[in-house]
Amino acid sequence: MSIPALRAMFVTASLAHGGAERHSITLMNRLAERRHECHLVHIKRAGTDQLGRIRVRDGGSVYCLDAVRYLDRGALARFADHIASTQPSVIIAANAYALMYATLALRLSRQSIPLVVTYHSMRLLDLKERLQMLAYRPFFWMADCAVFVCEKQRRHCSWRAVLSRRNEVIYNGVDTEEFRDRSMPEAREGLRRELGFHPGDYVIGISARLTPEKNILQMVDALSRLRARGIAARVLLVGDGSMREAIEARARSLQVERHVVITGFQQDVRPYIAVCDAMALCSHTEAFSLAAIESMAMGKPFVHSLVGGAAEMIRPGENGFLFPVGDTAALVDRLARLADPGVRGRMGRDARERVQALFSEAAMADRYEQLLVGLARTPPGLRAVAFP
């Protein structure tokens, strides 16, 4: 069977490191591999860390609007002109800010093009953000489709009337070949030694930005309690961020600073995940953590706070554990169970199998391709491509 090729335009706030931007680039690359023409528009130039990940091909492009204000009229005019000249068959905006720009630019361009928003957040909003979401909601209502990353998030948004004409759930996906633990034992042990770990250490990893919502201070507290129970636990934090000094201070105050290692930002997190025995997130809020499924794809059992779509990825006792948000005693209990190498080996294998079955990048791209092709208009000149 053949279908019209897409001319898809992806819109992001920037190209900084973030889940929504990463998801857009991954999906764009996957669709481009399938011979769809893909364009990317980023609103602000600040933050181009992920520019190198974009694979432009088959007439695709990357265009920056160079917005210098929150709502920049000049940037909107440039966006409208770009839409008119590119003639996309569908526009995909990542999160509310990009959706607002895409909606207003479409109005300026006087084009009738289906608009999809992918929504990646379940943040606990403060007063300013709640007021901002009141302003964003009409843009969701005007969009042709909203894609949520898990069923819990879709229900959460439904209760708050953050919905579109059509609403779908498509799980985030990872490349299960790229995220496979291929490390040789010698290389793994070598990196562990470089990081200061000993052969008998039980290394718990967190791959995340060190920001308040990730609640990493709780992991430092849990580490102190694990060591008080005689468990040789160590913590590896793969990332950097505004909470780094506070985390280091908490570790010093609990006298576990020697047992907390912070790598700083890493372009490739895989070698660091590979040296860990288990992975965790203590977040106050998540939608559907890409870091979690990356770790699970690498065969690591995962301990996750019960937020967002965590219960849709983790089966407690099979591929990891869940714990109530903020409950340090429960976190310590779950981590202590994984101190047994046999338990975490079995659960790690189950974790990878679950990602392969439900959360692969290829499956995610299949779902999006079918959705976008169904919504898209067909501008003149688009060819037909084979549809598997």
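In what follows, residues are counted from 1 in the order of the sequence shown. Only this structure's heavy atoms are used, side chains among them; waters, hydrogens and symmetry mates stay out.
- A donor-acceptor pair under 3.5 Å is formed between the side chain of S164 and the backbone N or O of F140.
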| request: Assess whether side chain to side chain contact (heavy atoms under 4.5 Å, CB included) is satisfied between R22 and R53, documenting all intermediate values. | output: CA-CA 9 Å; R22 185 174 178 184; R53 292 188 58 237; 3.5 Å; yes

Apply side chain to side chain contact (heavy atoms under 4.5 Å, CB included) to T176 and F359, showing your working. CA-CA 9 Å; T176 54; F359 310 126; over 6 Å; no

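- Put simply, the side chain of I43 does not reach to within 4.5 Å of the side chain of T12, judged on heavy atoms.
- Expressed to the nearest 0.5 Å, how far CD of E361 lies from CG of L290 amounts to 8.5 Å.
- Atom CG of residue L237 and atom CD1 of residue I262 lie 5.0 Å apart, to the nearest 0.5 angstrom.
- Within the 4.5 Å cutoff, the side chain of R30 has heavy atoms near those of the E33 side chain.
- Between the side chains of S242 and R209, no donor-acceptor pair is found at a separation under 3.5 Å.
- S305 places none of its side-chain heavy atoms less than 4.5 Å from the side chain of N215.
- F148 and F288 have their aromatic ring centers separated by at least 6.0 angstrom.
- Placement of I293 and F321 within a single hydrophobic cluster is found when ILVMFWY residues are connected by side-chain heavy-atom separations under 4.5 Å, directly or transitively.
- Within 6.0 Å of CZ in R57 there are more than 12 heavy atoms belonging to other residues, nucleotides or ligands.
- Under the 4.5 Å side-chain heavy-atom criterion for ILVMFWY residues, no single connected hydrophobic cluster contains both V332 and V325.
- L338 and L322 fall within the same hydrophobic cluster, defined by Ile, Leu, Val, Met, Phe, Trp and Tyr side-chain heavy atoms under 4.5 Å apart, directly or through other members.
- Using the six-membered ring where Trp is involved, H39 and H82 have ring planes that are perpendicular, over 60° apart on the 30 and 60° scheme.
- Using cut-offs of 30° and 60° on the angle between ring planes, the pair Y101 and Y97 is perpendicular.
- Listed for the R188 side chain is a donor-acceptor partner under 3.5 Å among the backbone atoms of A274.
- The backbone N or O of R155 sits nowhere less than 3.5 Å from a side-chain atom of S158 that would complete a donor-acceptor pair.
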Checklist entry - Where do R349 and E353 land on the salt bridge (Lys or Arg N to Asp or Glu O under 4.0 Å) test, with the steps shown first? => result CA-CA 6 Å; R349 290 188 292 274; E353 289 173 3; over 6 Å; no

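- With a 6.0 Å radius and a threshold of 12 heavy atoms from other residues, nucleotides or ligands, R182 has its CZ atom above the threshold.
- Within the 4.5 Å cutoff, the side chain of E168 has heavy atoms near those of the R367 side chain.
- Note: the hydrophobic cluster containing L99 also contains L163 (ILVMFWY, side chain heavy atoms under 4.5 Å, direct or indirect links).
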* Under the ring pair (Phe, Tyr, Trp, His ring centres under 6.0 Å) criterion, do H36 and Y368 qualify, and how do the steps go? -> CA-CA 12 Å; H36 297 291; Y368 271 102; over 10 Å; no

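- Using a 4.5 Å heavy-atom threshold, the side chains of L226 and I204 count as touching.
- A salt bridge between R78 and D81 is absent, with no side-chain N of the basic residue lying under 4.0 Å from a carboxylate O of the acidic one.
- Note: I54 CD1 to M28 CE = 5.5 Å, rounded to the nearest 0.5 Å.
- Aromatic rings from H156 and Y119 are positioned such that their centres are separated by 6.0 Å or more.
- A distance of 10.5 Å separates CG of L108 from CZ of F79, quoted to the nearest 0.5 Å.
- Residues L223 and I216 are members of one and the same hydrophobic cluster, defined by side-chain heavy-atom contacts under 4.5 angstrom among Ile, Leu, Val, Met, Phe, Trp and Tyr.
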Would you please test D333 and R229 for salt bridge (Lys or Arg N to Asp or Glu O under 4.0 Å) and show each step? CA-CA 11 Å; D333 173 72; R229 290 171 58 168; 5.4 Å; no

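- Taking the side chain as every heavy atom from C-beta outward, V261 and F197 approach each other to under 4.5 Å.
- Contact check for R270 versus F179: side-chain heavy atoms found under the 4.5 Å cut-off.
- D277 places no side-chain N or O within 3.5 Å of a backbone atom of A339 that could act as its donor or acceptor partner.
- M313 places none of its side-chain heavy atoms less than 4.5 Å from the side chain of N319.
- Checked against M219 for a side chain to side chain contact (heavy atoms under 4.5 Å, CB included), the options I206, V303, L281 give a single hit: I206.
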